[in-house]
Student: 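This structure is in structure tokens; I'll ask about it shortly.
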Amino acid sequence: MGQLILCKTPRAKKPFYIESGKVNIYSLEELMYFVQSARFVARDDFMRPEFVDWVEQEIGLFELAGMLREKLEANSGLRDFFLPIEAANGYLTTSELQILNMQLQKYDHMSGLEAKKFYADQFMYQNQYVQAIAAYRHLLNDSSVISEQGHVAGDIWSNLGCAYAKLQDFAEAVECFSRGYVLNHRIETLQEAVDAACLSGDPKLLDGLVMRFGANASQIAAERTHMEQLLQQTLDAADANHFHNHQIVQWLEAYKEQCEG
């Protein structure tokens, strides 16, 4: 059964569009419901004159709009910006407000790129891999991402590789992990590339990693050995338990045959 939300503040005739959530809101109560339940709250959605104008012109809360303009001029954080909004409608309980304020404060300490990455990461946590890929690709299409924060961009490439691996597109995953390693220099990212190459069953992908990252050849070989041991243990367990997941067993056996060949 759905929950009825009683709006105490005026309802706007024209909605305000929240870009990150792809949703229209008509009241402060709807706003607070969105902020409380959203995977992520972006500063750019609210901390701009257009939102303040909407509060003033569409909802008619002139005093609140004045306070929000002061927050914008003072370049306040997202948490401080929302304090007057919280006080104006009283939609959330005290405990809910405490949780929300802690979340907003966390967003305030993120750079713009880190915040956008965090938003995309939420799709991964929800196992929505296609949406995650689209979100990560959107970030990486911005040429300023790599030039300004290469290590964060490397982590984005790595997470993109994870999304492709979850969809069993291992060749694409290897490429993403490789690009990520070039930028973030995390050995874990290179290991993920090796793991994806092993799971693909295509020895050319492993050879390509050795050629591309020759200085890390010993680490690549060690991770390959470790991955092969895990694959063999999986096959042994499948035989012992009479487990018949044909898709998994098929590509594990195919990989084993190619390695032995």
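Note that this is a predicted model, so its numbers are computed, not measured. For this chain, numbers begin at 1 and follow the sequence in order.
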Student: Pairs of donor and acceptor atoms involving the side chains of residues 203-216, under 3.5 Å and at least two apart or interchain, shall be tabulated with distances.
Tutor:
unit_1, atom_1, unit_2, atom_2, d
N216, OD1, Y181, OH, 3.3
N216, ND2, Y181, OH, 3.1
N216, ND2, Q219, OE1, 2.7

Student: If I compare all heavy atoms of I59 with all of A12, which pair ends up nearest, and what's the gap?
Tutor: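 That closest heavy-atom pairing would be CG1-CB, 4.3 Å.
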
Student: Any ion pair linking R48 and E50 (charged N to carboxylate O, less than 4.0 Å)?
Tutor: yes

Student: Determine whether a donor-acceptor pair (N or O, by modelled atom type, separation under 3.5 Å) exists between the side chain of D80 and the backbone of S76.
Tutor: no

Student: Passes side chain to side chain contact (heavy atoms under 4.5 Å, CB included), Y164 versus I133? Steps please.
Tutor: CA-CA 8 Å; Y164 278 114; I133 288 172; 3.5 Å; yes

Student: Evaluate the criterion ring-ring contact (aromatic ring centres under 6.0 Å, His included) for residue pair F81 and F46; output intermediate values, then yes/no.
Tutor: CA-CA 9 Å; F81 183 80; F46 303 105; 7.7 Å; no

Student: Can you see which heavy atom on A165 is nearest to which on F170, and at what distance?
Tutor: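 For A165 and F170, the tightest heavy-atom pair comes out as O-CE2, 3.7 Å.
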
Student: Hydrophobic clustering (ILVMFWY, side-chain heavy atoms < 4.5 Å, transitive) - are Y26 and L31 grouped together?
Tutor: no

Student: For the CG atom of N159 and the CD atom of E192, what is their distance to the nearest 0.5 Å?
Tutor: 8.0 Å

Student: Nearest heavy-atom pair of R79 and Q105: which atoms, and what distance?
Tutor: CD-CB, 4.0 Å

Student: So which atom in I85 and which in L64 form the shortest heavy-atom distance, rounded to 0.1 Å?
Tutor: N-CD1, 4.0 Å

Student: Using atom types as modelled and distance alone, determine if a side-chain donor or acceptor of E96 lies under 3.5 Å from a backbone N or O of T93.
Tutor: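 Indeed, once roles are kept as given, a pair shorter than 3.5 Å links the two residues.
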
Student: Is the backbone of N184 close enough, under 3.5 Å, to the side chain of W157 for a donor and an acceptor to pair up by distance?
Tutor: no

Student: Can you tell me how far apart CD (E30) and OG (S27) are? Round to the nearest 0.5 Å.
Tutor: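 The distance works out to 4.0 Å.
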
Student: Hey, are N127 and Y129 close enough side-chain-wise for a donor-acceptor pair under 3.5 Å?
Tutor: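 The criterion, which ignores hydrogens and geometry beyond distance, is satisfied for N127 and Y129.
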
Student: Less than 4.5 Å apart, any side-chain heavy atom of L183 and any of H151?
Tutor: no

Student: To the nearest 0.5 Å, tell me how far C198 SG sits from E223 CD.
Tutor: 7.5 Å

Student: Please find the pair of heavy atoms, one from C176 and one from R137, that lie closest to each other, and give the distance.
Tutor: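 That closest heavy-atom pairing would be SG-NH2, 4.3 Å.
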
Student: Using modelled atom types only, decide if a donor and an acceptor are shared between the side chain of T225 and the backbone of A221 within a distance under 3.5 Å.
Tutor: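 Confirmed, T225 side chain pairs with A221 backbone.
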
Student: Decide side chain to side chain contact (heavy atoms under 4.5 Å, CB included) for M227 and L199; before the verdict, give the C-alpha distance in whole Å, the side-chain angles of both, and the deciding distance to 0.1 Å.
Tutor: CA-CA 9 Å; M227 192 61 185; L199 290 171; 3.5 Å; yes

Student: Assigning hydrophobic clusters by single linkage (Ile, Leu, Val, Met, Phe, Trp, Tyr; side-chain heavy-atom cutoff under 4.5 Å), is V130 placed with L139?
Tutor: yes

Student: Should Y17 and M32 be regarded as members of a common hydrophobic cluster, given that ILVMFWY residues are connected when their side-chain heavy atoms come within less than 4.5 Å of each other, either directly or indirectly?
Tutor: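 No, Y17 and M32 fall in different hydrophobic clusters.
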
Student: Do L167 and L140 belong to the same hydrophobic cluster, where Ile, Leu, Val, Met, Phe, Trp and Tyr are linked whenever their side-chain heavy atoms lie under 4.5 Å apart, directly or via other members?
Tutor: yes

Student: Just wondering, do F16 and N24 contact through their side chains at under 4.5 Å, heavy atoms?
Tutor: no

Student: Salt-bridged, D155 to R186, with N to O below 4.0 Å?
Tutor: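 Answer for the salt bridge query: yes.
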
Student: Going by an N to O cut-off under 4.0 Å, is there a salt bridge joining R69 and E73?
Tutor: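 No.
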
Student: Check the pair W54, I25 against side chain to side chain contact (heavy atoms under 4.5 Å, CB included), reporting the backbone distance first and the verdict last.
Tutor: CA-CA 11 Å; W54 177 79; I25 58 169; 4.1 Å; yes

Student: Give the intermediate values and the outcome of side-chain hydrogen bond (donor to acceptor under 3.5 Å, both in side chains) for residues D121 and Y136.
Tutor: CA-CA 8 Å; D121 290 344; Y136 290 134; 2.4 Å; yes

Student: Would you say S178's side chain and V174's backbone share a donor-acceptor pair under 3.5 angstrom?
Tutor: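 Checked: pair present.
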
Student: How far apart are the closest heavy atoms of P49 and L72, and which atoms are they?
Tutor: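 Shortest heavy-atom separation between P49 and L72 comes out as N-CD1, 3.9 Å.
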
Student: Any heavy-atom pair between the side chains of E56 and V52 that's under 4.5 Å?
Tutor: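 Not touching, per the 4.5 Å side-chain cut-off.
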
Student: Measure the spacing between CE of M124 and CG of L160 and express it to the nearest 0.5 Å.
Tutor: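 Spacing of CE (M124) from CG (L160) equals 9.0 Å.
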
Student: How long is the straight-line distance from CZ of R11 back to CD of E58, given to the nearest 0.5 Å?
Tutor: 12.0 Å

Student: Do Q122 side-chain atoms and F118 backbone N/O form a donor-acceptor pair below 3.5 Å?
Tutor: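 The answer is yes, because a donor-acceptor pair under 3.5 Å joins these two groups.
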
Student: Check the pair E86, L97 against side chain to side chain contact (heavy atoms under 4.5 Å, CB included), reporting the backbone distance first and the verdict last.
Tutor: CA-CA 8 Å; E86 296 168 358; L97 281 175; 3.6 Å; yes

Student: Are L78 and L83 co-members of a hydrophobic cluster defined by side-chain heavy atoms under 4.5 Å apart?
Tutor: no

Student: So how far is it from L190 CG to H185 NE2, rounded to the nearest 0.5 Å?
Tutor: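 It is 12.0 Å, given to the nearest 0.5 Å.
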
